[in-house]
2 protein chains.
Amino acid sequence: MKAKSTGLKITKAKKFRVGGRTRLPRAERREMILNQAAEFFSEYGLTGQTRPLAAACGISQRLLYRFFPNKAALTAEVYARTILGPFKGTWLADLTDRERPVAERLTDFYRDYAETVLTRRWLRLFLYSSLAEGDMAPNYIASIITRLLETIVEEVAAEQDVCLPEDVALRHELGWTLHGTVSHMAIRKHLYHASQSVPTDDIIAFHVRSFVAGFKAMVEGAGNPRPGS
Amino acid sequence: MKAKSTGLKITKAKKFRVGGRTRLPRAERREMILNQAAEFFSEYGLTGQTRPLAAACGISQRLLYRFFPNKAALTAEVYARTILGPFKGTWLADLTDRERPVAERLTDFYRDYAETVLTRRWLRLFLYSSLAEGDMAPNYIASIITRLLETIVEEVAAEQDVCLPEDVALRHELGWTLHGTVSHMAIRKHLYHASQSVPTDDIIAFHVRSFVAGFKAMVEGAGNPRPGS
DNA sequence: ATCTTTTGTCGTCAGTTGACGACTTATTTT
DNA sequence: AAAATAAGTCGTCAACTGACGACAAAAGAT
């Protein structure tokens with residue numbers, strides 16, 4: 001009983017070992033835990049327990065506390081990575097490239113956005129933590145999205161030669177019309193067990209078409225209907 | 001110490017008594033608990049504990065178990081009332097009243113819908129239970145909303161003389177364009193601590209305008225672009 | 001007034017859950 | 001090979017949480 005069942009004695013298998021428990025260097029194990037934890041908490045919420053999480057990681061519960069002083073520290077880091085991580089810096093630049101028609105830019109952007117941000121993992125974690133009042137970092141997210149909305153609205157208005165209302169909040173709301181539908185589509189997809197028969201890319205395409213085509217009508221009579229530009 | 005502090009002896013005060021603990025008839029107490037529980041669970045999720053709930057009700061924890069055999073029974077009834085309760089039967093009829101322009105019908109409908117269904121209580125409870133996989137009664141809700149979507153899409157198509165795609169799922173997706181934005185607006189309002197400076201009614205108004213104005217462009221090229229009707 | 005029923009609380013029990021001290025085992029250093 | 005360091009587990013503790021038996025007291029019935 002002292003020897004390994006197979007008796008194999010791998011001397012230089014630095015990384016992973018077959019039998020028994022795997023032993024990883026600190027940084028790798030930490031990474032592995034954070035990744036599993038993101039998956040786990042996005043499924044069960046930030047109130048998910050440490051024991052099931054450890055089981056999902058294939059380690060003992062105690063080991064979690066060798067990497068994080070307490071559960072809050074773990075969830076905080078998971079949140080920061082999963083929620084704030086996937087936002088790309090190139091989006092603003094791509095959206096303002098007036099060489100291309102705005103509908104095309106928007107379709108491209110939202111397809112990318114849906115693929116990288118509006119994933120099951122991101123969405124569920126975001127909703128879980130939004131519901132729990134202790135918002136982890138909503139301001140940062142909010143400011144990023146606000147900037148995107150402003151840009152989108154301005155780009156469409158520029159292409160269609162539409163005069164936007166002065167009120168900033170109102171301009172944001174115009175942008176939310178499109179951003180909201182796309183976000184809500186993701187919610188349907190990842191929360192309600194929707195049929196999923198229409199491909200995401202198609203849905204985004206006609207959300208954009210609808211938005212662009214209805215933009216002028218939407219703005220007129222919205223707030224500052226001062227035609228002039 | 002035997003007598004009440006004031007010494008008052010109200011003989012016929014059937015309902016409520018001032019000092020000490022209030023004593024309610026069974027049905028009333030039950031109602032009161034269910035109402036408080038709806039508020040409580042919508043704030044803290046269905047995993048909220050029975051002791052804080054009892055405290056919010058102003059009763060002992062034990063008393064909850066005089067009305068419900070276990071916590072699951074309580075949450076189930078709260079869910080049924082809060083989520084399934086507020087849907088109105090008149091909506092379908094009102095939406096199909098072709099005497100009035102469809103934009104007007106839609107605006108009226110969504111204002112009512114936002115006021116009665118998309119409340120903080122409803123939305124949070126709905127999201128909490130959607131996130132927890134054990135969907136309480138999603139089928140019933142889904143079928144109601146599906147019917148609304150079909151009606152809305154048909155009404156707009158009829159007014160604009162647009163030919164709808166054959167694919168039912170695709171037709172639903174068209175309706176989700178509007179339903180999604182309005183729903184997402186409610187999410188922003190009740191989950192993210194949004195600024196709230198633009199009145200809900202205004203937002204709904206231009207969501208509807210955008211949808212109606214962009215409808216034709218959205219449908220064309222969506223799926224079955226067979227012009228003919 | 002006395003008895004009965006109904007409404008309500010106290011205290012407690014078993015199973016969880018976050019946290020951590022003490023110990024074991026593998027890898028690296030000397 | 002021995003010592004030192006790093007990776008990992010076992011077992012346990014205190015606080016929490018759903019559930020419930022036993023008891024207290026108010027309201028109604030006789």
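By convention in this document, chain letters (A, B, ...) are assigned in the order of the sequence lines, proteins followed by strands, and residues within each chain are numbered from 1.
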List the atom pairs, with distances to 0.1 Å, where a side-chain N or O of residues 83-92 of chain A and a protein N or O form a donor-acceptor pair under 3.5 Å, not counting sequence neighbours.
{"from": "Lys88(A)", "atom 1": "NZ", "to": "Asp112(A)", "atom 2": "OD1", "distance (Å)": "3.2"}
{"from": "Lys88(A)", "atom 1": "NZ", "to": "Asp112(A)", "atom 2": "OD2", "distance (Å)": "3.0"}
{"from": "Trp91(A)", "atom 1": "NE1", "to": "Asp112(A)", "atom 2": "OD2", "distance (Å)": "3.0"}

Check your understanding: Between the two ends of the helix from dA1(C)-dT30(D) to dT30(C)-dA1(D), what is the bend in degrees, rounded to 10 degrees, where each end axis spans five pairs?
Key ->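 The two end axes of the helix from dA1(C)-dT30(D) to dT30(C)-dA1(D) meet at 10°.
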Review point. Excluding sequence neighbours, so at least two apart, what forms ring-ring contact (aromatic ring centres under 6.0 Å, His included) with Phe40(B)?
Key: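 Phe40(B) satisfies ring-ring contact (aromatic ring centres under 6.0 Å, His included) with Tyr44(B) once adjacent residues are dropped.
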Can you tell me the distance, in whole Å, between the [atom1] atom of [X] and the [atom2] atom of [N]?
X: Leu64(A); N: dT9(D); atom1: CG; atom2: C1'; answer: 12 Å
X: Gln61(B); N: dT17(D); atom1: CD; atom2: C1'; answer: 8 Å
X: Lys71(B); N: dT16(C); atom1: NZ; atom2: C1'; answer: 13 Å
X: Leu74(A); N: dT17(C); atom1: CG; atom2: P; answer: 16 Å

Review point. For Arg124(A), which residues count as a side chain to side chain donor-acceptor pair (under 3.5 Å) partner, sequence neighbours excluded?
Key: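 Not a single residue meets the side chain to side chain donor-acceptor pair (under 3.5 Å) criterion with Arg124(A).
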Check your understanding: Of all residues at least two apart in sequence or in a different chain, which pass the side chain to side chain donor-acceptor pair (under 3.5 Å) check with Trp122(B)?
Key ->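 So Trp122(B) forms no side chain to side chain donor-acceptor pair (under 3.5 Å) with any residue.
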Point to revise | Sequence neighbours excluded - side chain to side chain donor-acceptor pair (under 3.5 Å) pairs with any residue from residues 54-74 of chain B | key: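 As it turns out, the side chain to side chain donor-acceptor pair (under 3.5 Å) pairs with a partner in residues 54-74 of chain B, which skip direct neighbours, are Thr50(B)-Gln61(B).
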Side-chain heavy atoms of [X] within contact of [Y], under 4.5 Å:
X: Tyr192(A); Y: Ile141(B); result: no
X: Thr181(B); Y: Ser210(B); result: no
X: Tyr110(B); Y: His207(B); result: no
X: Val156(A); Y: Leu106(A); result: yes

**Study point:** Pair Arg171(A) + Glu154(A), salt bridge at N-O below 4.0 Å
**Key:**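 Counted as a salt bridge, because a side-chain N and a carboxylate O are separated by less than 4.0 Å.
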So, using salt bridge (charged side-chain N to carboxylate O under 4.0 Å, His left out) as the criterion, who are the partners of [X] when residues are at least two apart?
X: Asp97(B); answer: none
X: Glu115(B); answer: none
X: Arg51(B); answer: none

Enumerate all atom pairs, one protein N or O and one N or O from nucleotides 13-15 of chain C, separated by less than 3.5 Å.
none

Practice item. Please tell me which of Arg62(A) and Gln49(A) maps to the more 5' nucleotide of DNA chain C, matching each residue to the nucleotide holding its nearest heavy atom. Key: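 Comparing both residues, the 5'-ward one is Gln49(A).
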Review point. Should the pair Arg26(A) and Phe67(A) be classed as cation-pi, given the thresholds of under 6.0 Å to the six-membered ring centre and 45° from the axis?
Key: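 Yes, Arg26(A) sits over the ring of Phe67(A).
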What does the list of N/O pairs under 3.5 Å between the protein and nucleotides 5-7 of chain C look like, with a distance for each?
{"from": "dT6(C)", "atom 1": "O2", "to": "Arg23(B)", "atom 2": "NH2", "distance (Å)": "2.7"}
{"from": "dT7(C)", "atom 1": "OP1", "to": "Arg26(B)", "atom 2": "N", "distance (Å)": "2.9"}
{"from": "dT7(C)", "atom 1": "O4'", "to": "Arg23(B)", "atom 2": "NH2", "distance (Å)": "3.0"}
{"from": "dT7(C)", "atom 1": "O3'", "to": "Leu24(B)", "atom 2": "O", "distance (Å)": "3.4"}
{"from": "dT7(C)", "atom 1": "O2", "to": "Arg23(B)", "atom 2": "NH1", "distance (Å)": "3.2"}

Check your understanding: What is the nucleic acid contact for Pro52(A), judged by heavy atoms within less than 4.0 Å: base, sugar-phosphate only, or nothing?
Key ->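 No contact.
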Review point. Can a side chain N or O of Tyr65(B) be found less than 4.0 Å away from OP1 or OP2 on dC20(D)?
Key: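 No.
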Check your understanding: Under 4.0 Å between a side-chain N/O of Thr50(A) and OP1 or OP2 of dT17(C), yes or no?
Key ->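 For dT17(C), OP1/OP2 do not have a side-chain N/O of Thr50(A) under 4.0 Å.
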Exercise for review: Taking only heavy atoms on the protein side, list every residue of residues 32-44 of chain A lying under 4.0 Å from any atom of DNA chain D, sorted numerically.
Suggested key: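 Of all residues in residues 32-44 of chain A, none places a heavy atom under 4.0 Å from DNA chain D.
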Check your understanding: Nearest to the side chain of Asn70(B), which nucleotide is it out of dT17(D), dA22(D), dA19(D)?
Key ->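 Among the listed nucleotides, the one closest to the side chain of Asn70(B) is dA19(D).
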